[in-house]
Amino acid sequence: MGYAKSVLSTAAVVSLILLAGESLAKGKPKGASATDPQQIAQLFSGKTSNWSRGSKFYWAPNGVMHGVGKNGDSIGIGKWYVTNKGKLCNETTWYWPENGQTKSELYNECWEFVTAPDGTIWERYLPEKSDWYKHKYEKQVKGDTQKRKFNKIKKELGL
């Protein structure tokens, strides 16, 4: 379970780690309102998130998602969706090798998005109700950049 928590920690707080200083805000930006769900979907759909701690997630247009953990020996398989209240959520089962067996654990997590009056999109990780931070567009890369690596690990894990 420690390994899974490490993977989750990487995936869950990555946005907090990506950003520092100037892009953090303690409270919700003044005058901000929930980001349009379609806009949130467009930020992620068909793209791979490259998180600075090493994990990478592909958000398929059909709501399927898969990821590769930071150590390159674990994968996440699940679904993602956007709520009408400006939240991006995923339900992902992580798989990893442990003592010759494949272990797994389900994780559910969400991020909340708001748009400030100047058009800046802010987000925060909800399970921890973290500080707000600016969305980093450059962390999203078009396409599934980890497909081959994901499929290799999936096969190694016997999935």
Side-chain angles (χ1 to χ4, degrees), residues 1-94 96 105-147 149-150:
M1 176 132 162
Y3 183 83
K5 286 195 183 277
S6 173
V7 170
L8 176 63
S9 175
T10 298
V13 299
V14 67
S15 295
L16 293 175
I17 295 164
L18 291 175
L19 308 164
E22 83 284 348
S23 59
L24 289 174
K26 292 280 183 199
K28 185 176 177 178
K30 188 174 182 171
S33 59
T35 301
D36 179 87
Q38 290 185 349
Q39 188 174 8
I40 297 168
Q42 289 173 355
L43 292 173
F44 291 89
S45 182
K47 297 175 184 165
T48 298
S49 293
N50 294 305
W51 292 328
S52 61
R53 285 245 169 171
S55 295
K56 300 179 187 314
F57 266 91
Y58 176 65
W59 313 80
N62 66 357
V64 172
M65 70 176 303
H66 60 258
V68 176
K70 69 177 181 174
N71 294 329
D73 63 351
S74 63
I75 59 171
I77 303 171
K79 65 180 181 175
W80 70 278
Y81 53 93
V82 179
T83 72
N84 61 7
K85 294 186 177 182
K87 295 177 186 173
L88 169 71
C89 300
N90 73 70
E91 300 169 11
T92 307
T93 301
W94 278 95
W96 67 95
E105 192 163 348
L106 176 65
Y107 291 97
N108 298 314
E109 55 194 353
C110 294
W111 290 263
E112 183 177 13
F113 289 77
V114 296
T115 302
D118 67 359
T120 302
I121 296 177
W122 293 78
E123 62 183 278
R124 69 176 175 164
Y125 181 62
L126 279 180
E128 297 172 2
K129 292 199 174 183
S130 67
D131 290 339
W132 290 94
Y133 50 90
K134 290 181 184 177
H135 177 74
K136 294 287 191 176
Y137 295 91
E138 64 273 13
K139 296 298 178 180
Q140 311 304 119
V141 179
K142 188 174 182 177
D144 185 355
T145 65
Q146 299 300 300
K147 185 175 185 174
K149 188 171 191 175
F150 172 84

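- Put simply, SG on C110 and CZ on R124 are 11.5 Å apart, with the number rounded to the nearest 0.5 Å.
- D131 CG to Y125 OH: the interatomic distance, rounded to the nearest 0.5 Å, is 15.0 Å.
- Ion pairing of K87 with E112 is absent here, as no side-chain N (NZ or NE/NH1/NH2) approaches a carboxylate O to less than 4.0 Å.
- Between P29 and A116, the closest heavy-atom pair is CB-CB, 4.5 Å.
- With hydrogens and angles disregarded, a donor-acceptor distance shorter than 3.5 Å links the side chain of T35 to the backbone of V114.
- The neighbour count for E138 CD, taken as heavy atoms of other residues, nucleotides or ligands under 6.0 Å away, is above 12.
- The salt bridge (charged side-chain N to carboxylate O under 4.0 Å, His left out) test applied to K79 returns E91, not counting sequence neighbours.
- Closest approach of N84 to P37, counting heavy atoms only: CA-CG, 3.8 Å.
- Smallest separation of non-hydrogen atoms from F113 and E123: CE2-OE2, 3.5 Å.
- Under the 4.5 Å side-chain criterion, counting only non-hydrogen atoms from C-beta, H135 is in contact with L43.
- Side chains of F150 and I77 form a contact here, defined as non-hydrogen atoms less than 4.5 Å apart.
- If you take OG1 on T115 and CG on D36, they are separated by 8.0 Å, rounding to the nearest 0.5 Å.
- Residues satisfying the side chain to side chain donor-acceptor pair (under 3.5 Å) criterion with N90, sequence neighbours excluded, are T92, E109.
- Between W96 and E105, the shortest heavy-atom contact is CZ3-N, 3.7 Å.
- For Q140, the side chain to side chain donor-acceptor pair (under 3.5 Å) criterion is met by S49, not counting sequence neighbours.
- With rounding to the nearest 0.5 Å, the separation of CD1 in I40 from OG in S45 is 13.0 Å.
- K149 NZ to D144 CG: the interatomic distance, rounded to the nearest 0.5 Å, is 12.5 Å.
- One distance of note links CD1 of I75 with OG1 of T93; it measures 10.0 Å at 0.5 Å rounding.
- For the pair K134 and T120, the minimum side-chain heavy-atom distance is below 4.5 Å.
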With ring-ring contact (aromatic ring centres under 6.0 Å, His included) as the criterion, how do W94 and F57 come out once you've worked through the C-alpha distance, each side chain's angles and the decisive distance to 0.1 Å? CA-CA 12 Å; W94 278 95; F57 266 91; 5.5 Å; yes
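- Here the closest non-hydrogen pair linking N50 and T145 is OD1-OG1, 4.3 Å.
- Residues Q42 and K47 come closest through the heavy atom pair O-NZ, 3.1 Å.
- Remark: aromatic rings of W80 and W59 are close, center separation under 6.0 Å.
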